[in-house]
2 protein chains.
Amino acid sequence: MEVLIMQPAFGEISVSDFFYRHRELAGFSNPSRATYMVIREAVENSLDACEEAGILPNIKVSLSYTGDELCHLRVEDNGPGVPPSEVPFAFGKFLYGSKFGVRQSRGVFGLGITMALLYSQVTSGRPARIIVSNGGDIFEVKLRIDIEKNMPLVEGKKRLANMEEWHGSIVELYFKGDYPRAEKRIMEYFKLTSIASPHAEIAFTDPAGDQHLFRRSVEKAPKQPVETLPHPHGVDAEMLRRLLKRSEGKSLLSFMVKSFQRVGYATARKFLESAGFSPHQPTSTLTNDDVLELLDAMRKYSFPPPDARCLSPIGEDALRDAIMRIFEPEFVAVCERPPSVYLGHPFIVEVAVAYGCKGIEGEIVLYRFANRVPLIYDAHSDVSMNVLRRFNWGSYLHVRPQATAVFTHICSTRIPFKTAGKECIADPPEVEREIELALKECCRRLKTHLTGRVSVEERGRRFNAYKKYLPKIAQFASELAGRKNAPNVSLILERILEGKN
Amino acid sequence: MEVLIMQPAFGEISVSDFFYRHRELAGFSNPSRATYMVIREAVENSLDACEEAGILPNIKVSLSYTGDELCHLRVEDNGPGVPPSEVPFAFGKFLYGSKFGVRQSRGVFGLGITMALLYSQVTSGRPARIIVSNGGDIFEVKLRIDIEKNMPLVEGKKRLANMEEWHGSIVELYFKGDYPRAEKRIMEYFKLTSIASPHAEIAFTDPAGDQHLFRRSVEKAPKQPVETLPHPHGVDAEMLRRLLKRSEGKSLLSFMVKSFQRVGYATARKFLESAGFSPHQPTSTLTNDDVLELLDAMRKYSFPPPDARCLSPIGEDALRDAIMRIFEPEFVAVCERPPSVYLGHPFIVEVAVAYGCKGIEGEIVLYRFANRVPLIYDAHSDVSMNVLRRFNWGSYLHVRPQATAVFTHICSTRIPFKTAGKECIADPPEVEREIELALKECCRRLKTHLTGRVSVEERGRRFNAYKKYLPKIAQFASELAGRKNAPNVSLILERILEGKN
């Protein structure tokens, strides 16, 4: 073949090289935001590790400066400890991890902590230090990433005796940071983490050496969300193909029952017959067009709604308590919506409206959470902000509330994040609708509270009027009637005070 | 080792599986936005291919419905045609491409068109059809992606005779779309593309069969940006390590000169001596700490600023003409800033303010571009929006302008996008500052125009007064002086009209 026009050279890069070139995508856009991201990724890794093992998290974070811009971070948890043989890959390889199942978890991308290591390496040139133990010997690993190959490079290993049966993980990183500019966001992150994970205790030592302790307010680890099968409405052509490949040799009936949640034999049989498939047809005989037809039929068939046991909302009581503790508002209205579905993924929305908060300037402040993680940056394009922007407070409260904090929490097996930095949620209409409904419910509750307050004030006003004039009226009436002693009005006044009048 | 606490299972996923699970990250968050994204990725692929080969782009786009929600897209260009042997990888493998150099290009992630194929495959279940030719035989490939492995799967190949010496690429995809909801954005995308790439001709046939033609207004392809070496201020520890690895056996002096732009032998020698390195030291003898010291010294040394020849701004004239053609404003002020640098990456900012535009409702509308690509979504968190939000129009124009469009274009070898969907630019302070300076300059020019307009009006007012009273004054004065004929005032009036008075 004759080449008539010059064509460019082609090549391939690794996924780590991709994120090295485009670290803004993962939220590491400048030293200030990177400081927040590094802390956040390490803390969330620790929280997830503890919760998966059913351990109440104790997390110690300390940040210090070792140079002009060079920060040193140390994060220690009391989790189960990553197995030493897994440390290089779990920390030093992108898209390697333990969080790829259908289940709610903080980390979902398999790149958070590895991204922190990468940022550390390219800005400080130094390896990360990881220390782990499951209660037996302690293992220390010095780790770099071969970014061009997306492979971990172990620079040193040590095995130490564990005299105190310590278990957990310690991550130590050097990186180019800017704490002063990130301080406000980082403190907000810890405060909100303490609301979304009230069972965790976090101690943060800042570069000035001051310790900030975020105490545990719930003494029980949340029910660990269970991993589930996908829902028939939650699969696409690709997923269906994969599931079929794993069920080779089975009948369609058994495939449906074993591959999906909420599909029993009766449902599966009814569905397959309505879709024109024989329940006994082996999956291996399906043609490409059959697969698409099956998918189309699954979309249109009305299966029972997805199982929400794989979700772990904060809960109305825990959320209210945590908000009362941290924001000390006059009143909190909390609403947890029943489970709902977008694209086959179950999700639960929780909204709280805290009225008359201490330390809130201006009218309304929005705090967002997703799978118990506070979202600090990029609020402008978030689904909750969209709902809030067009929400008509007047029609619920007659006025726009003052010093009010709105909290939104979305938990799902699949949060539709807009960015790999996990700061901003996209807006499937189903999610938008649930947030709006929850917000309305909170407003109704807040209104009842405010109306109640008005009626107490009104009653007080009336009581004062009666108290002033009733004795005079009684005396005047007595005189008119020629009686010597006016009747005792205190009984009437008491009844008015009790609101029985 | 005794396992004391249960630990989770670990595993790995491919980069294609990652983007399959998190397609929102690449902008494919719902059928409406995905419709826009699929079109955009295909069009930009075509524009880049044509420009790299120095060809004036002719691009034909047609979108139709083949079912309720199933769209069919066909995009044809007159580019050099991807080599047939490269088609499977260039289209069907993530992070494989021809755009990884230090140079300005529309596509930078190596995932745009592959993401479009992936979205097509998972929502339609059908393979993509790619047709290419460089002017010789025509090759047709039916392509799927093995998403679990990030590998292309060729489903069929054909070789056809090319009677008309056609060259270019054709991409055909089926996908779940929502054109009605995306229509406004898609039309805006084409309109703005026609402003940023006035040398391209694009014909778009919409699902109703209507053809929209965006004509070429510049008959010359833009100067192709050259690929350059990195600037010493643009490298980090990782990049420096890679460059050193590629220069094994060389002296530090030769390494500096051959690896970086703007570093000649004199500069290199002066720099190395000031940093305490011998110019003759072989690169292979550098220890880890040496590398960090060298990096630190490079950051602090004042090298000449980066070469901006690798950038291709639209240009003030082309930008003004295109805006006049499309928005028909009363006046356009355009400002191209001189090249600047953030983190060692050169960039150029162009801003235009078009006053009194047709078809603009409200006060000020922002249109954003990056490397000649219009950015349609997620304006809220963009750096240009941040600048605009706090910009004090009053101090430049006395009033906020009406029916005004602000255009910002940033071109760089590395645009700091916040999302892989390439819609929103992060805000390094250097970029923010340049946008603000350009906007101020445009405002000054607009002010001069508006002041000029005021003075024309003022002159007219004065002329009318003179025209009315001067003849009467002349007549009155003549009568007073006892003259019979009043002098001719038309000469004076003419001079006033010409503004000489």
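Every chain is numbered from 1, with letters handed out A, B, ... down the list of sequences.
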| message | Once side chain to side chain donor-acceptor pair (under 3.5 Å) is applied, do any residues pair with B:Ser14, and if so which ones, sequence neighbours excluded? | response | B:Ser16
| task | Pick one of side chain, backbone, both or neither for A:Arg241, based on which atoms fall under 4.5 Å of a heavy atom in chain B. | result | side chain
| query | At a heavy-atom separation under 4.5 Å, does B:Leu292 approach chain A through its side chain, its backbone, both, or neither? | reply | side chain
| B:Arg33 to B:Tyr377, cation-pi by 6.0 Å centre distance and 45° axis angle | yes
| All side chain to side chain donor-acceptor pair (under 3.5 Å) counterparts of A:Asp178, not counting sequence neighbours | none
| message | Checking B:Asn162 against B:Asp137: is there a side-chain donor and acceptor pair closer than 3.5 Å? | response | no
| query | Which answer fits B:Ser381, side chain, backbone, both or neither, if we ask what part of it has an atom under 4.5 Å from a heavy atom of chain A? | reply | both
| message | So which residue, B:Val291, B:Asn288, B:Asp289, ends up with the most heavy-atom pairs under 4.5 Å with chain A? | response | B:Asn288
| Is A:Glu148 salt-bridged to B:Lys245, going by a charged N under 4.0 Å from an acidic O? | yes
| query | Quick one: of A:Arg242, A:Arg23, A:His380, who has the most non-hydrogen atom pairs under 4.5 Å with chain B? | reply | A:Arg242
| request: Go through A:Asn150, A:Ile147, A:Asn30, A:Val235 and name the one with the most non-hydrogen pairs under 4.5 angstrom from chain B. | output: A:Ile147
| message | Between B:Arg144 and chain A, with a heavy-atom cut-off of 4.5 Å, which part of the residue counts as in contact: side chain, backbone, both or neither? | response | side chain
| query | Under a 4.5 Å heavy-atom cut-off, does chain B meet the side chain of A:Pro416, its backbone, both or neither? | reply | both
| request: For the residue pair A:Tyr96 and A:Phe89, categorise the inter-ring angle as parallel (less than 30°), tilted (30 to 60°) or perpendicular (more than 60°). | output: tilted
| field | A:Glu165, part contacting chain B, at a heavy-atom distance under 4.5 Å | value | neither
| query | With a cut-off of 6.0 Å (strictly less than), are more than 12 heavy atoms of other residues, nucleotides or ligands near CZ of B:Arg299? | reply | yes
